Colleague: 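Once you've had a glance at the structure underneath, I'll fire off some questions.
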Amino acid sequence: MCTDGVVVSKQDDLVAQGQRNADADSVQVKHFLQQTIDKDIDEGRLTGPLVTRFPPEPNGYLHIGHAKSICLNFGLAQEYGGVCHLRFDDTNPEKESDEFIRSIKEDVEWLGFEWHGDIRFASNYFDQLHELAIQLVQKGHAYVCDLTADQAREHRGTLTQPGINSPYRERSVDENLALFEKMRQGDFEEGACVLRAKIDMASPNMNLRDPIMYRIRKIKHHQTGDQWCIYPTYDFTHGQSDAIEGITHSICTLEFEDHRPLYEWYLERLDLLATPRQIEFARLNLNYTVTSKRKLKRLVDENIVSGWDDPRMPTISGLRRRGFTPHSLRQFCQMIGVSRNDSCVDVGMLEFAIRDELDKQATRAMCVMDPVKLVITNYPEDKVEELIAPAHPQQDMGERVLPFTREIMIDRADFREEANKKYKRLVLNNGIRLRNGYVVYAEDVVKDANGDIVEIYCTYDENTLGKKPEGERKVRGVIHWVSATHGKRARVNVYDRLFSVEFPDKEDDLLDGVNAESLTLRDGCYIEPSLLDAAPEQRFQFEREGYFVADRYDHSHDSPVFNKIIGLRDTWAKK
Ligand code: ATP
Ligand code: MG
């Protein structure tokens, strides 16, 4: 969480750093995970291929933090010629669902990674895990405990006080085997007893105070159906699943550091082939953002957003719908690097990654967001000229056709009746260049009963296509426009950051930090006709406005819908 109020990784320095890393592969310094793997190879600990895994719990959609973990696990496997597994650690069936499984698979593929072999589930190993649990009972390392949850909490002690032994700790192996079997048969109610590892109730590491291995849960599992009424805990599952799969390097976030001794304790007592090497790294935290599935779920459940893939969400599917590309997310993960120090990254870096890519790659188009009509009084009524504009100012990406007509739309903010010299747009009795078109001069306005301008009357100079006007009249700048008769109506969703406070986790209530203006719906926008051919997820720069994407689900030729990805410049930096 970004709770300490310090953004360590600021956009400016890290952007520079990121570019250095991305541009100059040859001088790139290896990060500590690469160094550890190199050492394992040099010292003969890694003799076969590197095997990593990405192990999500299917209890929510993946977020940008997971993208970091995905890029690391899959990226390292690629780099070292190894493989990476996708494994669902599905030990908590009541919070899990097929919807989450489907979305996670889709996100990993969309990011551009391919898992090795079939998708795996920890639940594939439930039989094996059950046998391993029996082995531990037989060796006297596990016991069935009947303490209630409250009693168990009291026995557990605190960080400063040791726990006390359960009265059931000294049950005989035979009794434990019989009771564990009864648990499995469904003879006990939920909560009546659990299977615990017999480690050390006085350990300073709370994870070693006789942790639970199995619980009774009489619920259906999305993979195993009604086969089980006892389920292994995450901690009894994770390390063994890694070992069963032959994972050589188990890369995880820092909060698992204190769990490592427990995973090793289990593995030392079990006959499994491999012992994975666990290495922890700092999780990604971003300002103006939350990256916790629980908190993201709350935003969904309380209808603050339209769903997990709402374009304002920091989920991978939300970022995708917003218009981020897989490359921009991978690039961002590369820029932020990896370390063992907890830090908070400036969300401006994520925005930089997509802006940088789209500046080079997005074709240009014109969209008038808040239209007002401009009538060119000396232009023939039925005439339609096809003006040609480049799809990109620098790159050879083809051309587009802009129908030019007597009536066009311009943005309301681009006209004033009076203005000083700093205003580089259209002013009454002044001229302006229409982007990719002629110079026009404003001569009159028509207002409605409220005094709002409804039409602007102009004349055009027919000798100004691609040429400067002759004579003294002033041209203040360039504005964008769309034909009022040949342009098309579109809806544009204008998004801004979901949180207006830098550290939403620090608010008393998360919802207090939500930006009330994170979405503005604009229904009456005018787009140039070429945009009707946009495919869903195609991205554009709307000239002078920013970068936009045709909505993945709602956009169609007959009813165009675009989402604002990001502005042309970082406007938050100045706030
Ligand atoms: P959350 O805290 O959002 O619920 P989680 O850790 O419970 O996330 P998992 O599905 O268990 O979610 O995560 C799968 C993998 O992604 C784990 O290896 C975890 O360490 C890693 N991961 C989760 N959050 C981040 C993050 N913010 N930065 C980097 N890696 C992360
Ligand atoms: Mg987790």
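Here, residue 1 is the first one in the sequence, and each next residue gets the next number. Everything quoted here is computed from the prediction, not taken from an experiment. Worth knowing before you read on, the calculation uses all heavy atoms, side chains too, and leaves out hydrogens, waters and symmetry mates. Every number for a ligand or one of its atoms is a count from 1 in the order of the listing.
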Colleague: Does a side-chain N-to-carboxylate-O contact under 4.0 Å join Asp98 and Arg102?
Modeller: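 Here Asp98 does not pair with Arg102 in a salt bridge, since their nearest N and O are not under 4.0 Å apart.
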Colleague: Strictly under 6.0 Å, is that where the ring centroids of Phe180 and His130 end up?
Modeller: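 Yes - the distance between ring centres of Phe180 and His130 falls below the 6.0 Å cut-off.
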Colleague: Check Arg321, Arg320, Arg322 against Glu537 for a salt bridge (Lys or Arg N to Asp or Glu O under 4.0 Å) and give me the one that passes.
Modeller: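 Running salt bridge (Lys or Arg N to Asp or Glu O under 4.0 Å) over Arg321, Arg320, Arg322 with Glu537 returns exactly one hit, Arg320.
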Colleague: So is Phe256 polar-close to ligand 1, meaning N/O to N/O under 3.5 Å?
Modeller: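 Among all N and O atoms of Phe256, none is under 3.5 Å from an N or O of ligand 1.
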Colleague: Passes salt bridge (Lys or Arg N to Asp or Glu O under 4.0 Å), Arg87 versus Asp89? Steps please.
Modeller: CA-CA 6 Å; Arg87 182 181 73 239; Asp89 274 346; 2.9 Å; yes
Colleague: Do ligand 1 and Cys252 have nitrogen or oxygen atoms that lie under 3.5 Å from each other?
Modeller: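 In this structure, Cys252 places no N or O atom under 3.5 Å from an N or O of ligand 1.
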Colleague: Quick one: which ligand 1 atoms are inside 4.0 Å of a heavy atom on Ser292?
Modeller: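 Those of ligand 1 that fall under 4.0 Å from Ser292 are 3 (O).
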Colleague: Between Phe113 and Phe74 (judged by ring centroids, cut-off 6.0 Å), do the two rings come close enough to count as a pair?
Modeller: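 Phe113 vs Phe74: aromatic centres under 6.0 Å.
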Colleague: Test your reading of the structure: does Arg283 have an N or O sitting under 3.5 Å from an N or O of ligand 1?
Modeller: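 So ligand 1 has an N or O lying under 3.5 Å from an N or O of Arg283.
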Colleague: Can you tell me which portion of His63 lies within the under-4.0 Å heavy-atom range of ligand 1? Options are side chain, backbone, both, or neither.
Modeller: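 Under 4.0 Å from ligand 1, His63 contributes side-chain atoms alone.
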Colleague: Establish, yes or no, whether the cationic atom of Arg217 lies under 6.0 Å from the six-membered ring centre of Tyr231 and within 45° of the ring axis.
Modeller: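 No cation-pi geometry.
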Colleague: Below the 3.5 angstrom mark, is there an N/O of Asn59, backbone or side chain, next to an N/O of ligand 1?
Modeller: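 Min N/O separation from ligand 1 is not below 3.5 Å for Asn59.
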Colleague: Any nitrogen or oxygen of Glu255, main chain or side chain, under 3.5 Å from a nitrogen or oxygen of ligand 1?
Modeller: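 It does not: no N or O of Glu255 is found under 3.5 Å from an N or O of ligand 1.
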Colleague: Below the 3.5 angstrom mark, is there an N/O of Arg294, backbone or side chain, next to an N/O of ligand 1?
Modeller: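 In this structure, Arg294 places no N or O atom under 3.5 Å from an N or O of ligand 1.
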Colleague: Quick one: which of Asn73, Ile336, Thr253 has a heavy atom closest to atom 19 (C) of ligand 1?
Modeller: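 It is Thr253 that holds the nearest heavy atom.
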Colleague: Could you tell me, atom by atom, which parts of ligand 1 come under 4.0 Å of a heavy atom of Ser69?
Modeller: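 Taking each heavy atom of Ser69 in turn, ligand 1 has 16 (O), 21 (C), 30 (N) under 4.0 Å.
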Colleague: Quick one about Asp210 and Tyr143 (side-chain donor to acceptor, distance below 3.5 Å, no hydrogens or angles considered), yes or no?
Modeller: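 Yes - a donor-acceptor pair under 3.5 Å links their side chains.
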